2 protein chains.
Amino acid sequence: MATIYDVARRAEVSPATVSRVVNGRANVDPALAERVRAAMVDLNYRPNAVARNLRRSRTSMWAVIISDIGNPFFTSLVRGVEDVAQTAGYSVVLCNSDNDEAKEGQYVNAALTEQMAGVIISPTAGSPHVARLLDAGVPVVVIDRQMAGADVDTVLVDNEQGARDATGHLAAAGYRRIACITGPRGLFTAERRLAGYRAALDDAGLAHDPALVRHADFGVDGGHAAMHSLLAVDPRPDAVFVGNNLMTIGAVGRIFDEGVTVPEEMGVVGFDDVPWATLMRPALTTVAQPTYSVGRNAAELLTDRITDPKRPVSTVTLPTELRVRGSSGAKP
Amino acid sequence: MATIYDVARRAEVSPATVSRVVNGRANVDPALAERVRAAMVDLNYRPNAVARNLRRSRTSMWAVIISDIGNPFFTSLVRGVEDVAQTAGYSVVLCNSDNDEAKEGQYVNAALTEQMAGVIISPTAGSPHVARLLDAGVPVVVIDRQMAGADVDTVLVDNEQGARDATGHLAAAGYRRIACITGPRGLFTAERRLAGYRAALDDAGLAHDPALVRHADFGVDGGHAAMHSLLAVDPRPDAVFVGNNLMTIGAVGRIFDEGVTVPEEMGVVGFDDVPWATLMRPALTTVAQPTYSVGRNAAELLTDRITDPKRPVSTVTLPTELRVRGSSGAKP
DNA sequence: GTGAAAGCGCTAACAC
DNA sequence: GTGTTAGCGCTTTCAC
């Protein structure tokens with residue numbers, strides 16, 4: 001691998017001049033610059049980013065640590081981050097923590113030891129790792145979760161309002177015993193969505209029946225099991241608001257297994273829009289999250305934070321959008 | 001940030017000794033080692049990976065460059081890679097090329113300048129970038145595509161056999177005018193799947209009707225448009241084999257739009273299993289790919305290549321599995 | 001406008 | 001078993 005010295009020798013200039021050309025500094029004689037460029041091509045020179053990073057003691061990479069690479073939520077989020085990163089001159093590396101605190105810790109270590117320029121993270125519940133990044137002075141933006149008491153830039157979606165819209169829509173369609181399957185107790189998004197569900201019941205003057213609320217694990221099987229137990233409640237719920245996309249798969253699967261009809265016997269609204277929502281029969285009504293915007297906003301907050309580490313932290317909350325389809329069609 | 005010299009001073013040893021302790025070398029007096037560890041904790045010392053990488057002139061990161069982060073195919077593939085990487089002591093960073101050759105080029109540049117220890121890549125069609133990695137001596141494993149004439153370790157799934165199984169299954173179920181929607185012309189996986197479709201028609205003694213073959217873009221809209229035009233063919237096809245998961249969404253959507261019934265008027269089999277296959281009514285018959293295994297195998301080939309750069313290249317081809325569900329139910 | 005030279009933080013000979 | 005020392009390849013003062 002050719003080094004900057006090889007190029008300098010061949011172009012008969014000093015390494016400093018090569019460096020200036022490589023980095024597009026002015027103050028280089030055009031003739032010299034041309035010679036340098038020719039030498040770089042001849043030698044197939046490629047700057048060694050590791051050496052540069054060491055010398056500058058900073059890198060141009062961002063780590064995006066997400067909790068589940070399989071969740072469509074993160075797909076367009078990553079695109080939003082990438083689009084901003086690219087114009088700002090950063091590369092994005094994705095790290096998949098799989099909702100596992102230990103794995104998350106490893107990636108945080110990597111971000112720290114690799115001197116990443118910034119980190120965007122959707123932390124696992126009660127994660128101690130965000131604090132470690134903050135302590136080390138690494139610019140951080142948290143997405144999708146609010147860190148209790150942490151002084152950190154954050155991008156959220158309005159989970160409560162989204163859940164309230166969804167549940168309110170079911171109530172308006174005539175459903176009266178509306179159940180809720182939400183995520184694990186104590187998890188930020190799960191609690192907010194549950195709160196929105198409750199608020200909507202109040203709005204509609206419907207009674208709260210604790211027997212109609214389930215906490216599951218945000219996974220397919222959890223949704224399936226929760227729906228199984230809800231269908232055994234007497235009197236049976238006539239609608240269900242499911243608090244994320246994967247649990248919706250499980251819940252709807254269970255509803256079909258039991259031969260219960262949608263939307264006549266059971267209205268369904270899911271949180272998170274998914275590409276296949278229109279493929280279900282009836283098509284699935286969902287609360288769509290502005291995932292691309294979440295990514296963009298997080299990336300913009302990160303560039304701002306990198307530019308000015310002292311600026312006050314801010315939290316951006318983005319609205320959801322209810323997409324009404326057949327699964328919540330008016331109760332006959 | 002504390003350096004190795006700070007730790008050495010505090011522990012009253014040399015930097016070399018600290019380095020030995022950090023890297024778990026033997027040959028260090030336990031008492032000294034203890035002092036060093038204490039000093040590291042006191043100073044909250046964290047080794048600077050950039051400096052280490054420069055000195056060793058290698059890193060412990062792998063780049064996994066995938067063509068579409070939104071495709072479920074890559075989800076468990078990444079898990080397979082990560083599981084192997086972790087035990088081998090590597091970190092995995094994901095790069096999303098979005099099937100864009102320019103973006104892929106950027107990530108290849110990053111892998112090169114950042115001195116990545118290895119690269120696993122699903123290249124865009126006709127990508128020149130794999131050759132650049134190879135030329136630079138970077139260990140590379142190609143997945144999902146066969147690079148014409150390139151001397152590179154490769155992990156594939158048996159696209160042709162999978163398509164043949166799918167189409168043969170439709171024929172066996174009694175469908176007679178079986179259409180095919182495959183990917184872009186010249187794309188490796190698209191061509192192999194088309195070849196498998198044709199082989200199955202031969203197996204079943206069915207005629208080849210060129211009017212029943214479509215090339216689309218492996219996206220939802222492409223599948224939708226292709227199905228739209230297939231439904232206008234007279235006589236209409238009575239079944240369709242769709243060459244990837246996203247196009248299947250579009251194609252099935254179109255079939256429903258037209259009020260055509262599945263599986264009675266139109267049998268459907270898709271390539272790539274998806275989590276929501278069982279949610280469709282009827283549930284979707286698919287050709288499942290062993291995605292996790294693809295990831296594991298690629299990672300294992302990569303470690304082998306890193307260990308022994310001179311070993312002959314190998315290609316691993318993994319079998320698919322036909323998952324029969326309702327959408328291909330016997331034609332009445 | 002250009003070059004000489006000093007490190008960034010670490011590891012690995014080599015000497016003791 | 002431990003310390004000294006010389007770089008890894010680059011950027012950046014500081015002279016000129």
Side-chain angles (χ1 to χ4, degrees), chain A residues 1-37 39-40 43-61 89 109-110 112-117 136-138, chain B residues 1-37 39-40 43-61 89 109-110 112-117 136-138:
Chain A
M1 205 61 200
T3 74
I4 205 169
Y5 288 96
D6 300 326
V7 176
R9 206 171 308 123
R10 183 167 185 114
E12 299 181 303
V13 297
S14 74
T17 298
V18 177
S19 174
R20 288 180 186 116
V21 172
V22 168
N23 293 288
R25 295 270 193 291
N27 301 355
V28 178
D29 185 281
L32 279 197
E34 203 33 66
R35 251 162 54 206
V36 169
R37 265 186 283 272
M40 292 199 295
L43 297 172
N44 189 24
Y45 170 72
R46 192 180 305 287
N48 181 326
V50 177
R52 167 191 283 150
N53 293 341
L54 176 59
R55 177 57 228 232
R56 288 189 180 156
S57 48
R58 65 197 159 81
T59 69
S60 56
M61 299 214 302
N109 282 343
L112 249 16
T113 61
E114 300 285 345
Q115 322 270 97
M116 297 282 188
V138 177
Chain B
M1 206 59 197
T3 75
I4 204 169
Y5 288 97
D6 300 326
V7 176
R9 205 170 311 124
R10 184 169 184 111
E12 300 181 303
V13 297
S14 74
T17 298
V18 178
S19 174
R20 289 179 186 115
V21 172
V22 169
N23 293 288
R25 297 268 193 293
N27 302 350
V28 178
D29 184 282
L32 279 197
E34 203 32 66
R35 249 162 55 204
V36 169
R37 266 187 283 271
M40 291 199 296
L43 297 172
N44 189 25
Y45 171 70
R46 191 179 306 286
N48 181 326
V50 176
R52 168 191 285 152
N53 293 341
L54 177 59
R55 176 61 228 231
R56 288 188 181 157
S57 48
R58 64 194 161 81
T59 68
S60 56
M61 301 215 299
N109 283 343
L112 248 16
T113 62
E114 299 286 344
Q115 321 271 96
M116 297 282 188
V138 177

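Computed from a predicted model, the values in this text were never measured in an experiment. Below, chain A is the first sequence line, B the second, and so on; all start at residue 1.
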Legend entry - Residues that Asn44(B) engages under side chain to side chain contact (heavy atoms under 4.5 Å, CB included), provided they are two or more places apart: Arg46(B)

Inset, instruction - Could you pull out the closest heavy-atom pair between Tyr45(A) and Ile4(A), with the gap in Å? - result: CE1-N, 3.6 Å

Inset, instruction - Using the heavy-atom set of chain A and a strict 4.0 Å cut-off, write down the first and last nucleotide of DNA chain C that makes it in, 5' to 3'. - result: dG1(C) to dG9(C)

Inset, instruction - Starting from the first five and the last five pairs of the helix from dG1(C)-dC16(D) to dC16(C)-dG1(D), work out the angle between the resulting helix axes, to 10 degrees. - result: 40°

Legend entry - Value rounded to 0.5 Å, distance of CG in Leu54(A) from CZ in Arg55(B): 12.5 Å

Legend entry - Letter per nucleotide, 5' to 3', of nucleotides 8-16 of chain D [B base touched, S only sugar-phosphate touched, - untouched; heavy atoms, 4.0 Å]: BBBBBB---

Legend entry - Interatomic spacing from CD in Gln115(B) to OG in Ser60(B) - rounded to 0.5 Å: 12.5 Å

Legend entry - Set of side chain to side chain contact (heavy atoms under 4.5 Å, CB included) partners for Ala49(A), sequence neighbours left out: Asn53(A), Thr113(B), Glu114(B)

Inset, instruction - Please report the closest heavy-atom contact between Ala11(B) and Arg35(B), naming both atoms and the distance. - result: O-NH2, 2.8 Å

Legend entry - Inter- and intrachain pairs under salt bridge (Lys or Arg N to Asp or Glu O under 4.0 Å), touching residues 2-12 of chain B, at least two apart: Asp6(B)-Arg9(B), Arg10(B)-Asp42(B)

When the side chains of residues 13-32 of chain A are checked against the rest of the protein, which donor-acceptor pairs come out under 3.5 Å, sequence neighbours left out?
{"residue": "Ser14(A)", "atom": "OG", "partner": "Ala16(A)", "partner atom": "N", "Å": "3.3"}
{"residue": "Ser14(A)", "atom": "OG", "partner": "Thr17(A)", "partner atom": "N", "Å": "3.3"}
{"residue": "Ser14(A)", "atom": "OG", "partner": "Thr17(A)", "partner atom": "OG1", "Å": "3.4"}
{"residue": "Ser19(A)", "atom": "OG", "partner": "Asn23(A)", "partner atom": "ND2", "Å": "3.4"}
{"residue": "Asn23(A)", "atom": "OD1", "partner": "Arg56(A)", "partner atom": "NH2", "Å": "3.1"}
{"residue": "Asn23(A)", "atom": "ND2", "partner": "Ser19(A)", "partner atom": "O", "Å": "2.8"}
{"residue": "Asp29(A)", "atom": "OD1", "partner": "Ala31(A)", "partner atom": "N", "Å": "2.8"}
{"residue": "Asp29(A)", "atom": "OD1", "partner": "Leu32(A)", "partner atom": "N", "Å": "3.4"}

